[in-house]
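Let me begin by presenting the structure, written as structure tokens, before commenting on it.
Keep in mind that this is a model prediction, so the values were computed, not measured.
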Amino acid sequence: MLIRPFETADLPACARLLRASAIEFIVHESPPEGASTFLRENDEEGIRNYIAAGHVYHVAVDGGELAGFIAIRDNSHVFHLFIDKRWHRQGLARRLWEVARAATLARGGSGAFTVNASNYAVPVYASFGFERSAPTQCVKGLYFNPMRFAPA
């Protein structure tokens with residue numbers, strides 16, 4: 001499995017993975033308008049806009065196929081972390097997190113992070129050392145759990 005910085009050619013595969021994962025694991029809990037807003041804001045154009053705004057993406061590729069990706073905003077917020085279902089429970093999310101975290105530290109980040117985790121992803125982030133920082137919230141029809149990671 002190769003983990004590397006995002007390349008423009010990765011955009012369609014990232015958008016497809018995000019959409020498929022969001023439908024299965026995130027937006028099914030949301031009202032239809034919340035689900036459609038999330039999916040629209042995170043399509044190819046949305047990801048392109050996040051990159052233009054400075055979000056830093058890393059991708060995991062296996063045999064030329066996208067297995068997952070992570071994005072960090074402002075050197076301190078895990079904005080996206082999506083793993084293709086075929087690679088769940090194999091340590092790929094942790095490997096992406098570790099690569100993105102190291103890259104953030106190399107860019108001068110403090111090592112403290114936040115994330116708005118889906119209900120499905122809370123246990124994954126907890127295994128990385130994140131702790132809940134507020135109760136479950138709902139904004140624009142999307143449920144999430146604010147969490148934080150403090151460096152040791």
*Can you list the steps and then say if Ile3 with Leu96 is a side-chain contact (heavy atoms from CB on, under 4.5 Å)?*
CA-CA 7 Å; Ile3 296 178; Leu96 277 165; 3.8 Å; yes
*Who pairs with Tyr50 by side chain to side chain donor-acceptor pair (under 3.5 Å), at least two apart in sequence or on another chain?*
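Partners of Tyr50 under the side chain to side chain donor-acceptor pair (under 3.5 Å) test: none.
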Just so I know, are the side chains of [X] and [Y] near enough to count as touching, which here means a heavy-atom distance under 4.5 Å?
| X | Y | value |
| --- | --- | --- |
| His77 | Asn116 | yes |
| Glu41 | Lys140 | yes |
| Phe38 | Ser30 | no |
| Glu44 | Ile47 | no |

*For residues 112-125, which residue pairs qualify under salt bridge (Lys or Arg N to Asp or Glu O under 4.0 Å), counting only residues two or more places apart or in two chains?*
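Counting only pairs at least two positions apart or across chains, no salt bridge (Lys or Arg N to Asp or Glu O under 4.0 Å) contact touches residues 112-125.
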*Would you list the pairs meeting salt bridge (Lys or Arg N to Asp or Glu O under 4.0 Å) in which at least one residue belongs to residues 96-106, sequence neighbours left out?*
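Residue pairs with at least one partner in residues 96-106: there are none.
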*Taking everything shown except Arg89 itself, do over 12 heavy atoms lie less than 6.0 Å from its CZ?*
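Counting neighbours around CZ of Arg89, 12 or fewer heavy atoms of other residues, nucleotides or ligands fall under 6.0 Å, so no.
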Name each donor-acceptor pair under 3.5 Å that joins a side chain in residues 145-152 to protein atoms two or more places apart or in another chain, with its distance.
residue	atom	partner	partner atom	Å
Asn145	OD1	Arg132	NH1	2.8
Asn145	OD1	Thr136	OG1	2.4
Asn145	ND2	Ala117	O	3.0
Asn145	ND2	Asn119	OD1	2.9

*asked:* Tell me whether Tyr143 shares a hydrophobic cluster with Phe130, the cluster being built from Ile, Leu, Val, Met, Phe, Trp, Tyr side chains joined at under 4.5 Å.
replied: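 No, Tyr143 does not connect to Phe130 through the hydrophobic network.
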*In the hydrophobic clustering that connects Ile, Leu, Val, Met, Phe, Trp and Tyr at side-chain heavy-atom distances below 4.5 Å, which members other than Leu105 occupy its cluster, ordered by chain and number?*
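Under the 4.5 Å side-chain rule, Leu105 groups with nothing.
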*By the rule that ILVMFWY residues connect when side-chain heavy atoms come within less than 4.5 angstrom, directly or transitively, which residues belong alongside Val139?*
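Under the 4.5 Å side-chain rule, Val139 groups with Phe144.
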Side-chain donor-acceptor contacts of residues 56-65 below 3.5 Å, not counting sequence neighbours, with atom names and distances?
residue	atom	partner	partner atom	Å
Tyr57	OH	His80	ND1	2.9
Glu65	OE2	Arg86	NH1	2.9
Glu65	OE2	Arg86	NH2	2.5

Could you list the donor-acceptor pairs under 3.5 angstrom formed by side chains in residues 18-27, with sequence neighbours left out?
residue	atom	partner	partner atom	Å
Ser21	OG	Leu17	O	3.0
Glu24	OE1	Lys85	NZ	3.3
Glu24	OE2	Lys85	NZ	3.3

*Provide the full list of ring-ring contact (aromatic ring centres under 6.0 Å, His included) pairs with a residue in residues 100-119, sequence neighbours left out, each pair given once.*
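Pairs touching residues 100-119 that pass the test: Trp97-Phe113.
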Output all residues satisfying side chain to side chain contact (heavy atoms under 4.5 Å, CB included) with [X], sequence neighbours left out; order by chain, then residue number.
| X | result |
| --- | --- |
| Glu33 | Pro31 |
| Arg40 | Ser36, Thr37 |
| Ala93 | Leu81, Ile83, Val124, Phe128 |

*Locate the shortest heavy-atom distance separating Ala112 from Ser110; write the atom from each residue and the value.*
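The pair with the smallest heavy-atom distance is N-OG, 3.2 Å.
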